[in-house]
Structure formats: structure tokens, C-alpha cells
Amino acid sequence: MSAPQDEGGRTPRRRTRRVTRALQLAVLACVVALVSTGCSIQDVIRFGWPVGVTPEATMMRELWTWSAIAALAVGVLVWGATAWAVAFHRRKATDSDLPRQFQYNLPLELVLTVLPLVIVAVLFYFTVVVQNVVDREPSGNELKIDVTAFQWNWEFQYPGTRNPVGQPVATIGTTAEVPLLVLPTNRPISFTQHSEDVIHSFWIPEFLFKRDVFPDPEKNDQKNVWVIDKIDQPGAFVGRCAEYCGAYHSMMNFEVRALPEAQFDQYMQLRQSIDPTTRQPYSAAEALAQMNCGPLCSPTATTTHPFNPDPTVRLAF
Ligand SMILES: [Cu+2]
């Protein structure tokens with residue numbers, strides 16, 4: 001007795017063996033690809049997102065990781081079904097009849113409509129939970145920072161402070177100098193944003209959050225205040241403008257410098273006093289240079305650099 005033959009003249013067992021080998025190879029290729037990147041499992045499951053430095057960022061990153069895993073699971077199922085259809089339902093040279101002519105499968109349609117609804121509902125639930133935390137109202141005990149965007153730079157103000165010439169402490173970026181937004185770690189902070197001209201967007205990638213900076217946010221009905229519970233660790237974090245705002249959109253980088261609380265207090269004290277060498281209130285760079293605490297007190301940005309605004313110069317990022 002011979003084994004049953006399919007129309008292609010191959011035994012089903014041989015075909016199964018080939019498919020198993022192809023699957024094994026595919027899994028092996030995935031494992032090699034993952035392992036050879038040298039990324040840890042923590043890196044891999046962030047799927048390209050930076051490590052967050054605020055509790056809100058961590059929440060959003062976890063939501064992102066689970067959403068990406070859900071999306072990948074859906075992808076693997078759909079790609080698998082597609083590959084299965086391609087591999088096992090190819091027309092064979094010996095096929096003479098038309099395939100089975102079916103088109104309605106109501107139970108299957110119900111399952112494949114309800115299942116995505118359930119998946120999306122679960123995603124929506126967790127999105128709302130995280131969004132409610134991230135987009136909460138300020139409670140009033142935050143350190144307030146006023147962010148002003150303009151073509152093409154930033155001004156950061158500490159409302160309620162006064163330097164010896166009667167102005168609130170402020171840092172304004174220039175073409176030659178990347179503005180440093182000095183913040184304390186381990187303290188709630190609220191950001192109030194507005195633009196002097198066009199729409200910009202205030203984005204600190206390590207916060208895993210950005211908000212558009214509108215001219216006249218009140219008139220535009222835009223919620224221009226947002227809060228973080230704290231910055232988890234000292235460090236320098238690059239910031240970017242994330243809304244196309246004209247010719248020098250790409251040159252609006254800034255830097256968040258998160259200092260331990262004692263150093264932040266020292267910084268604010270300096271900014272509210274006179275620098276004996278210039279007889280002017282300390283600028284951000286001068287105050288940091290005066291504090292001299294190593295890379296954390298670098299008077300210039302360490303995560304980015306000023307760009308040459310000459311339009312004939314090719315930009316190298
Ligand atoms: Cu901008």
C-alpha cells in the first residue's frame with residue numbers, strides 16, 4: 001500500500017516536514033536577529049522608546065510596551081494566516097477545478113468582528129487610565145515653569161522669583177546658545193506654555209510626552225498646563241520642537257538639566273543674586289559654572305549643540 005498522494009505528487013508527511021523546517025528556520029532567524037543586536041530584553045520591549053525619567057513616562061512606556069505586544073500578536077496572527085493561505089492554497093499545476101466557491105461564514109464574521117472590538121476596548125480602557133494620570137490638573141504644590149516658544153527658540157521662566165533687577169528668573173535661548181531648562185529632581189513640576197508667534201511643540205523625548213505650544217492658548221481653547229510628579233534622576237535630557245514652525249524648526253533644541261534638589265536651590269539662589277564679575281544677575285551658564293559640579297553643571301548643553309543658521313551650510317545632525 002502506498003501513502004496517499006496529493007495532486008502535487010508529494011506525500012502530506014513530506015510537506016509537513018518541509019513546513020516545520022521552514023517554521024524552525026523563521027524562529028531561529030528571529031532569535032538570531034534579536035540576540036545579535038546586543039540589546040537586553042528591557043531594551044527590546046521598549047520597542048525603540050527612550051527610558052522614561054518621570055513616573056508618567058514609565059506608565060506611558062508600559063502602556064506602549066503592552067500595546068506593541070498586542071499589535072505584534074495581531075500582526076503575527078494575520079501574517080501567519082496570510083502565509084498559510086499563500087503556502088497551502090496555491091494553485092497547483094494539476095488543479096483543474098475551480099476552488100470551493102464559498103463566501104459567507106456568519107459565525108466566523110461574528111467572531112472576527114467581536115474579537116477586535118474586545119481588543120480595542122481593552123486598549124481603550126488602559127489608555128484612559130494612563131491618560132487620566134498624565135493629563136491631570138495641577139494640584140498647586142508644583143514648581144511652576146513658564147515655557148515660551150518663539151521662532152526659533154525658547155524662553156523658560158520661573159514665575160514668582162525675582163532677581164536683583166526686579167525681573168523673574170528667565171533663560172532665553174539664542175542662536176549661539178542652547179537654552180538650559182534647569183529643574184529639580186524629586187519634585188512635582190507644572191509647565192505652562194504659550195507661543196509668541198506660530199505653533200510649536202514642547203517635547204522632551206525622555207519624558208515620553210510633548211504638548212503643542214499655541215499662540216493664545218486660552219482663545220484657542222487649548223489646555224496649556226501639564227504636570228509631572230517628578231524627574232526620577234539627575235541628568236541632561238535633550239528637548240526638541242516637535243511642530244514644524246518655519247525655516248529653523250530643526251534648530252529649536254533645548255536641554256533639560258535635572259539637578260538634585262540641594263543643587264537646584266543653590267542654582268536658584270545664584271540666579272537671584274548678582275554675579276560680582278559681571279555686576280549683573282547670574283545667567284544660567286554663569287550660575288552653573290559657579291556651582292562647578294562636574295558634567296551636571298556644564299554651562300553649555302551636553303546633549304545637543306547650537307546649529308549654524310547659515311542656509312548655505314549643509315546640516316549634519
Ligand atoms: Cu518650533
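Note that the structure is a prediction, hence the values are computed from the model and not measured.
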Check for me, please, whether Leu143 and Ile204 land in the same ILVMFWY cluster - side-chain distances under 4.5 Å, paths through other members count.
yes
Do Thr302 side-chain atoms and Ser298 backbone N/O form a donor-acceptor pair below 3.5 Å?
no
Intermediate values then yes/no, salt bridge (charged side-chain N to carboxylate O under 4.0 Å, His left out), Arg211 and Asp135
CA-CA 11 Å; Arg211 175 145 300 173; Asp135 203 29; 2.8 Å; yes
Considering non-hydrogen atoms only, spot the tightest contact between Ala176 and Pro306 and give its length.
O-CG, 3.2 Å
So, does Glu56 use its side chain to make a donor-acceptor pair with the main chain of Asp229 at under 3.5 Å?
yes
Treating His194 as the side-chain partner and Phe214 as the backbone partner, does any N or O pair qualify as donor plus acceptor under 3.5 Å?
no
Could you state whether Val128 and Trp64 fall into the same hydrophobic cluster, counting links through intermediate Ile, Leu, Val, Met, Phe, Trp or Tyr residues with side-chain heavy atoms under 4.5 angstrom apart?
no
Using the six-membered ring wherever Trp is involved, compare the ring planes of Trp154 and Phe156 and label them parallel, tilted or perpendicular (cut-offs 30° and 60°).
parallel
Rounded to the nearest 0.5 Å, what separation is found between the CE atom of Met60 and the OG1 atom of Thr127?
12.0 Å
SG atoms of Cys297 and Cys293 less than 2.5 angstrom apart
yes
Least distance between heavy atoms, Ala242 atom then Trp203 atom
CB-CB, 3.9 Å
To the nearest 0.5 Å, what is the distance between CD on Gln131 and CG on Leu63?
10.0 Å
List the atom of Glu206, the atom of Ala57, and the distance in Å for their closest heavy-atom pair.
O-CB, 3.9 Å
Matching residue for Arg271 among Thr161, Thr171, Asn163 - test: side chain to side chain donor-acceptor pair (under 3.5 Å)
Thr171
Please confirm whether the backbone N or O of Pro215 pairs with a side-chain atom of Glu196, one donor and one acceptor, at under 3.5 Å?
no
Thr303 and Phe237, any side-chain heavy atoms less than 4.5 Å apart:
no
To the nearest 0.5 Å, how far apart are CD1 in Ile189 and OG1 in Thr54?
9.5 Å
Taking the six-membered ring for Trp, are Phe207 and Trp226 parallel (under 30°), tilted (30 to 60°) or perpendicular (over 60°)?
perpendicular
From OG1 (Thr192) to CG (Asn224), nearest 0.5 Å
6.0 Å
Verdict with supporting geometry, Phe264 and Thr185, side-chain contact (heavy atoms from CB on, under 4.5 Å):
CA-CA 8 Å; Phe264 176 76; Thr185 55; over 6 Å; no
Strictly distance-based, threshold 3.5 Å: is any side-chain N or O of Asn220 a donor or acceptor partner for the main-chain N or O of Asp216?
yes
Assigning hydrophobic clusters by single linkage (Ile, Leu, Val, Met, Phe, Trp, Tyr; side-chain heavy-atom cutoff under 4.5 Å), is Val213 placed with Tyr248?
yes
Shortest non-hydrogen pair, Leu180 vs Pro299, comes out as CD1-O, 3.5 Å
Side-chain (Arg136) to main-chain (Val133) donor-acceptor, under 3.5 angstrom:
yes
Report yes if the side chains of Phe126 and Trp66 come closer than 4.5 Å at any heavy-atom pair, otherwise no.
no
Asp146/Tyr158 under side-chain contact (heavy atoms from CB on, under 4.5 Å): CA gap, chis, key distance, verdict
CA-CA 6 Å; Asp146 283 347; Tyr158 302 81; over 6 Å; no
Parallel under 30°, tilted from 30 to 60°, perpendicular over 60°: which one fits the rings of Phe202 and Phe191?
tilted
For the backbone of Thr65 and the side chain of Arg61, can you confirm whether one donor and one acceptor N or O come within less than 3.5 Å of each other?
no
Cluster check Val122, Leu115: I/L/V/M/F/W/Y, side chain < 4.5 angstrom
no
Check step by step if side-chain contact (heavy atoms from CB on, under 4.5 Å) holds for Ile231 and Asn186.
CA-CA 6 Å; Ile231 300 173; Asn186 290 316; over 6 Å; no
Side chains of Thr82 and Trp84: closer than 4.5 Å at any heavy-atom pair?
no
Report yes if some heavy atom in the side chain of Pro159 is under 4.5 Å from a heavy atom in the side chain of Pro168; otherwise report no.
no
Can you name the closest pair of heavy atoms from Leu296 and Arg257 and give their distance?
O-NH1, 2.9 Å
Tell me if the centroids of the rings in Trp152 and His200 come within less than 6.0 Å of each other.
no
Is the CZ atom of Arg91 crowded by more than 12 outside heavy atoms at less than 6.0 Å?
yes
Indicate whether the side chain of Glu261 and that of Gln263 have a donor and an acceptor atom separated by less than 3.5 Å.
no
Ser273 side chain to Leu270 backbone, donor-acceptor under 3.5 Å:
yes
Does a side-chain heavy-atom distance below 4.5 Å link Ser190 with Ile145?
no
For the OG1 atom of Thr20 and the CG atom of Leu25, what is their distance to the nearest 0.5 Å?
11.0 Å
Path from Val147 to Val178 over hydrophobic side-chain contacts below 4.5 Å:
no
How close do Ala149 and Met252 get, heavy atom to heavy atom, and via which atoms?
CB-CE, 4.4 Å
Check whether any side-chain heavy atom of Phe150 sits under 4.5 Å from a side-chain heavy atom of Ile172, and report yes or no.
yes
If you measure from CD on Glu243 to CG on Asp212, what distance do you get to the nearest 0.5 Å?
5.0 Å
Hey, are the side chains of Lys230 and Pro188 touching, using non-hydrogen atoms and a 4.5 Å cut-off?
no
State whether the side chain of Asp197 and the backbone N or O of Gln151 hold a donor-acceptor pair below 3.5 Å, judged by distance alone.
yes
I would like to know whether Gln103 and Gln101 meet side-chain hydrogen bond (donor to acceptor under 3.5 Å, both in side chains); could you show each step before the answer?
CA-CA 7 Å; Gln103 49 186 328; Gln101 298 296 298; over 6 Å; no
Verify the neighbour count for atom CD of Glu109: are there more than 12 heavy atoms of other residues, nucleotides or ligands below 6.0 Å?
yes
Derivation and outcome, side-chain contact (heavy atoms from CB on, under 4.5 Å), residues Leu259 and Val182:
CA-CA 7 Å; Leu259 301 181; Val182 180; 3.6 Å; yes
Does this structure show an ion pair linking Glu142 with Lys144, if we count only N-O contacts that are shorter than 4.0 Å?
no
Quick one: does any side-chain atom of Arg240 pair with a main-chain N or O of Pro205 as donor and acceptor, under 3.5 Å?
no
Does any part of the side chain of Val169, heavy atoms only, come nearer than 4.5 Å to the side chain of Gln272, both counted from C-beta?
yes
